[in-house]
There are 2 protein chains.
Amino acid sequence: MTRPAAASGAVRQGTLRELNLAVVLGRIAAAPRPPSRADVAAATGLTRATVSAVVDDLIAGRLVAESEPAPRAGAGRPARGLVLAGTGPAGLGLEVNVDYLAACVVDLTGRVRHHTVRRADLRPLSPADALARLAALAAAARADAQRQGLTLAGAALAVPGLVDAAGLVRLAPNLGWRDVAVGDLLAAHPPLVDPVPGIPPLVVDNEANLAALGELHADPTGPASFLHVSGEVGIGAGIVLDGALFRGVRGWSGEIGHLPVDPQGRPCRCGGRGCLERYAGQEAVLAAAGLAGADLPADTAAARLADLAAVGDPAARAALAEAGRALGVAVAAVVNLLDLDTVVLGGGYALLTPWLRPPVLAEVSRRVITAGWSPVTVRPSALGPEAAVVGAAGSVVRRIVADPAGWLGRPG
Amino acid sequence: MTRPAAASGAVRQGTLRELNLAVVLGRIAAAPRPPSRADVAAATGLTRATVSAVVDDLIAGRLVAESEPAPRAGAGRPARGLVLAGTGPAGLGLEVNVDYLAACVVDLTGRVRHHTVRRADLRPLSPADALARLAALAAAARADAQRQGLTLAGAALAVPGLVDAAGLVRLAPNLGWRDVAVGDLLAAHPPLVDPVPGIPPLVVDNEANLAALGELHADPTGPASFLHVSGEVGIGAGIVLDGALFRGVRGWSGEIGHLPVDPQGRPCRCGGRGCLERYAGQEAVLAAAGLAGADLPADTAAARLADLAAVGDPAARAALAEAGRALGVAVAAVVNLLDLDTVVLGGGYALLTPWLRPPVLAEVSRRVITAGWSPVTVRPSALGPEAAVVGAAGSVVRRIVADPAGWLGRPG
DNA sequence: ACAAAATAATTCAACCAATGAACAAATAGC
DNA sequence: GCTATTTGTTCATTGGTTGAATTATTTTGT
């Protein structure tokens, strides 16, 4: 987790408190069980007096609540446990995809407090119409959140395409979008959230990126650096380094679909030959398994394939072995380059992990020079297809926890 | 540049000053011309009073010096310029390679104050013998530094191989080293530096990583994120993100030599087919150019090849075109994955850039989806083969500038 | 049942570093 | 020489942490 506040510059006097608010809140969030003030003091090196003062601020700001005293052996006054507040700020996650819209609300503790998915073919709709429907979903989510005593502090929207730093959707091929200013279009509708200083009201990001964050969120005790590969129509990767998404210079990192993986080299629409997408993309895998033309929604297609593989269908097995091999070549390239030790298979791949993992691991151990010293773990995503929405909402919550000063009304 | 100090934990009172020491010093280091105290105050947002106090500490600690008043238009008391001190702490850079040893000293301003290269075939020597010779070189460098009024605050050693986080050289194939505890072997000799709290006396790292840092150091105004590819016997890449080296989970990032690049697929010793190294590695390029078996040292081989290409030798031209194409495929993969906008060709590639660049750019623009929106720059390394040693010494200096508190004798 | 020990949390004077306003220093322009 | 202007320092003030003492609440021992 990066240090927040004053990122570029000086440490002014008030910054001290801002930093310690973040430190203490982060400690409470990371602790396996509700810590006492004394625990936090011991863990951070601050004095108990300081921790008490900081915690008072956090409780007053509804970011932290006291829980039942955790039972402890031995004598002494029992501690009052500190937990992230289940009321207070929450994050709104949104997703526009090819065949559905989704919205969800996640509170500070990470619990999903609201979740709606509306299936519909979005391709025929204009961006403005699609976003109008999304705004309706968001309004319902906001009303539900308010009913539960939550305040939406920010929103994040997942889009299956390239998004630049300003939030402009440069290209979403499967939606047929090009240069769509999502923020401007949504501004025509009622505001999504109650603006909080220091927290952007709407962040637009690639679905693969946000799905990777969702994984981080679903398993906070898991590794802080990993590669999240999601198989959809295209193949997207999200790179998480030290608990933070790595976006690249312009936010376009993770384009893994066109890594060359095959010596034989099937031609690809990108102009190269032997691209990963031609072997492990949804279309290619379904065709190889004899399911071409079924035109199923992404998740049911994966489920159908998993069923076939489970009962031993030879075509499905062969298709998955081939996809896994190709995926393994690409994963090996990434691991050689970035030295990651964990690969999460998400999206359509999650269900198929039992069949994809062996060939992936085989390629990795063959091609990664350091594999002998440090094994690479390949595991399915803990979240299903909803990883991107949940990750989107979680990204808002993460930001609040990383920099609580904005929410507490201090000048950021 | 990452925020230093108390990385994991609390912000105690003294930390405030430590942070501002780093902020002010960093500002002085980054300024294009010597700034006044008032300039620093304006740039950082601190008050002039605070900046004065901080600068007093920095001057007392010999990290900063006052320069001649920079001429300025208009009225007012003339400013006293602040510059990094040319006396005071310095970094020791060391390198062990196949056919030479090197040592250099870099001061805070980035100037190379000492540089020795001793050519010798290191392969027949045991690690202990090789490091004994290196220690002698280091002792001479240290004496020279002291004569110039410099104090060596730390050392970094570049090795052509895989180094783990503890500084153990796991494998250096071209040296024939395996599991060499460099630190322990060097401890038998007189100490390399005067230990400073907060600064490790010896860091061991991969030469490609340190060469990448050298590039950052040679051109401080250049991009903060880039890929540095150095062509030696193998092909190593150093990844610099936001001005810091990206080392990966265990420090083994940058293994780019075995990215698959060719649909035809020449078999490679790594077990894969069509690996980059088989097309753009030194051996492959020299063989293709008809220079096989010449067994030249790395840098003269590259120079010879450049000469041939310059006079239009068709075999050399063809060999470089093919190498460039392969390199381009690999670079495109990296750019798709990490969204970098600058690629630096270093090591043996630096001299060959005029012939490598066109095919690299061609492959990149064909294969990188976002290339249309954001061009990728390919340029030669500013430093020559000495990039790794200079980068090693520079890495020590960078650490002092990023966290001056240790040098100033404060508890880190 | 009661005292002693132990641990948790709060209170308060001291202290450290940044702040802001006032002030001294040094120059250019008139 | 006088004024405007900018630089750098001095000093009382302030925000926030520190450390010791104090209060609160339990377990353990008798």
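Quick note on labels: first sequence line is chain A, next is B, and so on, each numbered from 1. Please read these numbers as outputs of a predicted model, since none were measured by experiment.
- Per the geometry, CZ belonging to R37(B) stands 13 Å off C1' belonging to dA25(C), to the nearest Å.
- What separates CG of L19(A) from P of dA17(C) is a distance of 16 Å, to the nearest Å.
- Separating the CG atom of L82(A) from the P atom of dA8(C) is a distance of 12 Å, rounded to the nearest angstrom.
- Following rounding to the nearest Å, E66(A) (CD) and dA8(C) (P) show an atom-to-atom distance of 14 Å.
- More than 12 heavy-atom neighbours from other residues, nucleotides or ligands sit within 6.0 angstrom of CZ on R247(A).
- One distance of note links CZ of R27(B) with CG of L82(B); it measures 13.0 Å at 0.5 Å rounding.
- Between the side chain of T151(B) and the backbone N or O of P89(B), no donor-acceptor pair lies under 3.5 Å.
- A salt bridge links D341(B) and R250(A); the closest N-O separation between the charged side-chain nitrogens and carboxylate oxygens is under 4.0 Å.
- The distance from atom CG of D144(B) to atom CG of L150(B), rounded to the nearest 0.5 Å, is 9.0 Å.
- Backbone-only contact: S36(A) has heavy atoms under 4.0 Å from sugar-phosphate atoms and none from a base.
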Just by protein heavy atoms under 4.0 Å, how would nucleotides 17-26 of chain D read 5' to 3' in B, S and -?
BBB----BBB
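- The side-chain contact (heavy atoms from CB on, under 4.5 Å) search around S52(A) returns R37(A), not counting sequence neighbours.
- Stem regions annotated for DNA chain C: C:1-30 with D:1-30, counting only runs of 3 or more consecutive pairs of Watson-Crick or G-U type with both contacts under 3.5 Å.
- At a threshold of 4.0 Å, the pair D194(B)-R142(B) counts as salt-bridged, since one of the basic side-chain nitrogens sits closer than that to a carboxylate oxygen.
- Counting only distance, with no hydrogens or angles, the side chain of T15(B) and the backbone of E18(B) share no donor-acceptor pair below 3.5 Å.
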